[in-house]
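Notes follow the structure.
By convention in this document, chain letters (A, B, ...) are assigned in the order of the sequence lines, proteins followed by strands, and residues within each chain are numbered from 1. In this text, all values refer to a predicted model and were calculated from it rather than measured experimentally.
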2 protein chains.
Amino acid sequence: MGFELDTRKKRILQAVIRDYINTAEPVGSRTIARKYGLGVSSATIRNEMADLEEMGFLEQPHTSAGRIPSERGYRYYVDCLMQREELSFDEEDLIQREYRSKIDDVGQVVHVTGQLLSQLTSYTAVVQKPKIGFSSFKNIQLVGMDKERAMLVAVMDNGIVQHRMIDVPVSITGNDLAAISAVLNAKLSGFTMESIKNTLIKEIYIELAHYRRTLDLVLDVLRYSLTSDSEDKIYLGGLFNILNQPEFQNVEKLKTLLGLLEQEDLLSNLMAANPSSSGVTVRIGGEISYRGMQDCSMVMAIYGVKGQPIGSLGVLGPTRMDYSKVISVVEYMTKKLSFALENLFKDIADKEVKF
Amino acid sequence: MGFELDTRKKRILQAVIRDYINTAEPVGSRTIARKYGLGVSSATIRNEMADLEEMGFLEQPHTSAGRIPSERGYRYYVDCLMQREELSFDEEDLIQREYRSKIDDVGQVVHVTGQLLSQLTSYTAVVQKPKIGFSSFKNIQLVGMDKERAMLVAVMDNGIVQHRMIDVPVSITGNDLAAISAVLNAKLSGFTMESIKNTLIKEIYIELAHYRRTLDLVLDVLRYSLTSDSEDKIYLGGLFNILNQPEFQNVEKLKTLLGLLEQEDLLSNLMAANPSSSGVTVRIGGEISYRGMQDCSMVMAIYGVKGQPIGSLGVLGPTRMDYSKVISVVEYMTKKLSFALENLFKDIADKEVKF
DNA sequence: TTTAGCACTCAATATGCGGGAGTGCTAACA
DNA sequence: TGTTAGCACTCCCGCATATTGAGTGCTAAA
């Protein structure tokens, strides 16, 4: 791909796509000749555009309208024509400032990232919360709430604090809970949920043979509810930016799109279907195989810590999106997010020094 | 008000409003005569409607269209004409089931309430999270995260768990943190933030004279960040129900409305401006004094525990909303929410039994 | 190979014309 | 005196019909 087009065709295709991205109106040969000085007349451009249409890079909404890019056109643009746009100083500065404030826990990092993504692109940001399966327990605490319930609180080393109410036998006292907490802490802290060996579990059961039933419940919650809970969760930023896009002035379209975005599981799938494990992925129109998102494109990337992928983030907009801008932003923010998370974990590496 | 209208005018006004609520179309005299058997001809109704218009209860979009209710008309309808609509068995059953599952903490109660409100009315639910100022500490824990940071976790008796990262001097060890936690727990648990006396604080400072600086920080966070954090927060349910209302098919209108609803502080003000301290309040159109919400009405009520108001909840929809239905739902849900919260607190009353 | 010129196409906008729903008024009626 | 039938009138709405204008494709000349 790419070599099939001579230089002039490339420049014309590029001009058409740029103009359409800016104006959202079909662009005609005269416009190209006027606005983008190619040194040829509109008639020449007309011929070239006819060729480009035949090759499938452009299409015409109807006879006597200008041309708009086809999906294949966008694809070619993204792969071969587009040139990278660096972030401005102001933008980088904004990002720096936002990250410097409140970076206490993973939730906030995700939030800030989503905000920035949507703000910088004026599209909708989709950020998958990091899989915390591999984060390790820092502290586990059972707090008695009333006669038959206790609150299980788990602090993870990445700053996430999870909690869940569990039922406990009426016979269990506050001292019992404290004892259980102590053993759980001694045995589990420093371990990730996955790395916990069966032998360890057995040890716990032996030490707390008295509290079998409660222990069953606690370990179950630790295993399933807490860990899986925040996995697969999605943060959406700038959802209403959609309203500013001319392609979604139609309320019916809006309804279907927002309806889709409401379904977290669907978004999870969308984010999970990320082929390239490194770098930015662009899915254009029909390449997103959800009915109702044909007019959308998605630019996304995987972020991670120390080469380990733990989630992905992306920007969703109309197929007529400013790819060059969006790709730069997504790329930059992926780095920033990974960096912020590593920062969050970094200090943890030397926890032995202290605890 | 009310006595100025004779029975027939009342019945006609009622019929017009009901019909308009159902159809969203201006309603004419013939429609009234046909659909609502009043035993008089359309001509008579025509005369009456002209009177009602002159009195300000109805208005005409243009000559030769039917009539639609004016704000004053809706107000009169709500105050004098409307009859209460009981919830169906299925609806009450749904509510029961939803509340029976997951009622572990205040957040979930609020979430379920919002969901139900929007689902039952097909409008948008606005639920102010309960002010937790008066909830008391159950457990306070400082967990070391890395050399210079610790996680402060506070479990409140209403099931809310709050946490915040704080900086601590590098010199402080895990044992120190445990010691601080122990003292804080011993002194503060059972107390609400407001009820903490200065003498108590002094006691703490004396016992932990060593950790002055850290203690300053911890108490500051407990006082301000944690408590005020979840106050004033608003849960919105069924936001996209707006899209189904014919009065918001216009994207511009949608944009302004959604823009307003995005601002939490504005919503907080809206919910706070609740005059009657008991019972359901209805604000119609211009009675909500925000530009951009002229076409909306709001039905709201204050909920509380043991007569103590701790928040409010409401339903936002077009002025042409099904007041009778919405008022019933809001009234019912207010009771349910208060009840659910009291349940959450009830067991706490007898905590002495156990701890 | 490029370009000027021209006929042609077709959405978008305006213009004009019933049809219909609904009103107000009048006159007859109980 | 209140009610109703009848009728002229109003005005939105939908529809068909010009008109416009941006843009194309094609042809022929440079």
Side-chain angles (χ1 to χ4, degrees), chain A residues 5-13 15-20 22-70 73 246-247 249-250 320, chain B residues 4-13 15-20 22-70 73 246-247 249-250:
Chain A
L5 293 185
D6 61 46
T7 320
R8 193 170 64 189
K9 281 203 175 57
K10 281 185 187 173
R11 293 185 62 187
I12 290 175
L13 181 55
V16 172
I17 295 182
R18 273 200 200 153
D19 205 77
Y20 186 63
N22 287 328
T23 63
E25 300 280 319
V27 11
S29 53
R30 244 180 80 81
T31 314
I32 300 295
R34 243 190 300 113
K35 282 214 267 185
Y36 306 80
L38 298 190
V40 288
S41 78
S42 68
T44 312
I45 291 172
R46 215 143 51 225
N47 291 328
E48 297 285 46
M49 279 165 81
D51 291 353
L52 285 166
E53 182 173 1
E54 204 169 359
M55 292 187 233
F57 294 107
L58 294 179
E59 38 193 52
Q60 247 179 327
H62 55 87
T63 2
S64 92
R67 302 302 207 295
I68 62 174
S70 67
E247 25 272 283
Q249 292 306 76
N250 174 341
R320 181 193 61 78
Chain B
E4 4 172 335
L5 293 186
D6 60 46
T7 319
R8 193 168 66 188
K9 280 204 175 54
K10 282 186 188 173
R11 293 185 62 187
I12 289 175
L13 180 56
V16 171
I17 295 183
R18 273 199 200 155
D19 206 76
Y20 186 64
N22 287 327
T23 63
E25 300 280 321
V27 12
S29 53
R30 245 180 79 82
T31 313
I32 299 296
R34 243 190 300 113
K35 282 214 267 186
Y36 306 80
L38 298 191
V40 287
S41 77
S42 67
T44 311
I45 292 172
R46 216 143 51 224
N47 290 329
E48 297 286 47
M49 279 164 81
D51 290 353
L52 285 167
E53 182 173 0
E54 204 170 358
M55 292 186 233
F57 294 108
L58 294 179
E59 37 193 53
Q60 246 179 327
H62 55 87
T63 3
S64 95
R67 303 302 207 295
I68 63 174
S70 67
E247 26 272 283
Q249 292 307 74
N250 175 340

Whole angstrom value for the distance that separates C1' of dG25(D) from CZ of Arg30(A): 17 Å

Rounded distance (nearest 0.5 Å) linking atom CG of Leu52(B) with atom OG of Ser70(B): 9.5 Å

dG24(C) OP1/OP2 closer than 4.0 Å to side-chain N/O of Arg67(B): yes

Rounded distance (Å) that lies between atom P of dG20(C) and atom NE2 of His62(B): 17 Å

Nearest-angstrom distance from the residue atom CD of Glu48(B) to C1' of dT1(D): 14 Å

Separation between CD of Gln249(B) and CG of Asn250(A), rounded to the nearest 0.5 Å: 9.0 Å

Listed nucleotide nearest any side-chain atom of Gln60(B), set dG24(C), dC12(D), dT3(D): dG24(C)

Phosphate OP1/OP2 of dT2(C): any Arg8(A) side-chain N/O under 4.0 Å: yes

Contact under 4.0 Å: Arg46(A) side-chain N or O vs dT27(D) OP1/OP2: no

d(CG, Asn47(B); P, dT4(D)) in whole Å: 10 Å

Position toward the 5' end of DNA chain D (nearest nucleotide), Ala43(A) or Thr31(A): Thr31(A)

Which nucleotide in dA5(D), dG24(C), dT3(C) has an atom nearest any side-chain atom of Glu53(B): dG24(C)

Value in whole Å for how far the C1' atom of dC13(D) lies from CD of Glu25(B): 12 Å

Nearest-0.5 Å distance that lies between atom CG in Leu58(B) and atom CD1 in Ile68(B): 9.0 Å

Residue of the set Lys9(A), Arg8(A), Lys10(A) for which salt bridge (Lys or Arg N to Asp or Glu O under 4.0 Å) holds with Asp6(A): Lys9(A)

Nearest-0.5 Å distance that lies between atom CD in Gln60(B) and atom CZ in Arg67(B): 4.0 Å

Helical bend (five base pairs per end, nearest 10°) for the helix from dT1(C)-dA30(D) to dA30(C)-dT1(D): 20°

Nearest-neighbour nucleotide for the Ser41(B) side chain, dT3(C), dT4(D), dT2(C) considered: dT4(D)

Nearest-0.5 Å distance, CG of residue Asn47(A) to CG of residue Asp51(A): 7.0 Å

Between CD1 on residue Ile12(A) and OH on residue Tyr36(A), distance to nearest 0.5 Å: 12.5 Å

For atom CG of Leu38(B) and atom P of dT4(D), their distance in whole Å: 11 Å

dC9(D) phosphate, OP1 or OP2, under 4.0 Å from Thr63(B) side-chain N/O: no

Distance in angstrom units between Ile32(A) CD1 and dA22(D) P, rounded: 16 Å

Base of dT9(C) paired with side chain of Ser64(A) (donor-acceptor, under 3.5 Å): yes

Sugar-phosphate, base or nothing in reach of Ser42(B), heavy atoms under 4.0 Å: nothing

